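Heads up, the thing below is written out as structure tokens.
To find a chain, count down the sequence lines: A is the first, B the second, and so on, and within it residues start at 1. Nothing here was measured: the structure is a model prediction, and the numbers come from that model.
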Amino acid sequence: ELKVEQNPLFLSMQEGKNYTIYCNYSTTSDRLYWYRQDPGKSLESLFVLLSNGAVKQEGRLMASLDTKARLSTLHITAAVHDLSATYFCAVDLVQGAQKLVFGQGTRLTINP
Amino acid sequence: EAGVTQFPSHSVIEKGQTVTLRCDPISGHDNLYWYRRVMGKEIKFLLHFVKESKQDESGMPNNRFLAERTGGTYSTLKVQPAELEDSGVYFCASSQGRREEQYFGPGTRLTVT
């Protein structure tokens, strides 16, 4: 059974600092997603990582994927308050059921 | 282009009552998914439709949950009778093809008292 673990689950940081959220998964997958959710809103797709070594960047966020280590990271550079949200990683299986398996989510709070 | 919409946004019902949640996918998306997030836990898969057919319902918790997608357009998820542990946020997502990106709706927050 595919399991996805994120850490940390809660993160409070100051504006201007850098930090990384980690996403580990337990079985082979070639597709990993990062989503952002604001309170009461839908999950907004941030990144889709499709291959080993993939790196994508959008603004202050950068995501990477290491399929051999079964690890993805979401790096936040010089955080700003607007990035406060809950971030989820999700993995889908290479074969079999068409479904996403999510991590627990990381609630990120950025303080001025 | 309209995104995935869900109705209602919130529902508060008593234990033993029935609730029906609705999801309208993005037009032209054959694949429709239901997920649920129970308080403080991860988002979990419930089931997957391809057009009107149930492709995978392995995540449905028990037979109190019934999902339909008549005509392959919108979908409903009925909980009957509701129990306290059914409280959570129910998300719907849709995608155009297999293993393509899923687009999520805003969710329905269900509270069973």
Check the pair A:Phe102 / B:Phe45 against ring pair (Phe, Tyr, Trp, His ring centres under 6.0 Å), numbers first and verdict last.
CA-CA 9 Å; A:Phe102 282 84; B:Phe45 168 83; over 10 Å; no
Shared hydrophobic cluster, A:Leu46 / A:Met13 (ILVMFWY, side-chain heavy atoms < 4.5 Å):
yes
Around [X], counting heavy atoms of other residues, nucleotides and ligands shown, do more than 12 lie under 6.0 Å from its [atom1]?
X	atom1	result
A:Glu58	CD	no
B:Glu100	CD	yes
B:Lys54	NZ	yes
A:Arg107	CZ	no

Tell me, side chain or backbone of [X] under 4.5 Å from chain A's heavy atoms, or both, or neither?
X	answer
B:Arg37	side chain
B:Tyr103	neither
B:Glu101	both

side-chain contact (heavy atoms from CB on, under 4.5 Å) assessment of A:Tyr35 paired with B:Ile43
CA-CA 12 Å; A:Tyr35 289 91; B:Ile43 300 169; over 6 Å; no
Considering only heavy atoms from C-beta outward, does the side chain of A:Leu43 approach that of B:Tyr35 to under 4.5 Å?
no
Any A:Ser45 side-chain heavy atom under 4.5 Å of B:Gln102 side chain
no
Examine whether an atom of A:Gln37 lies under 4.5 Å from a heavy atom of chain B, and if so say whether it belongs to the side chain, the backbone or both; otherwise answer neither.
side chain
Of all the heavy-atom pairs spanning B:Gly105 and A:Ser42, show the shortest one and how long it is.
O-CB, 2.9 Å
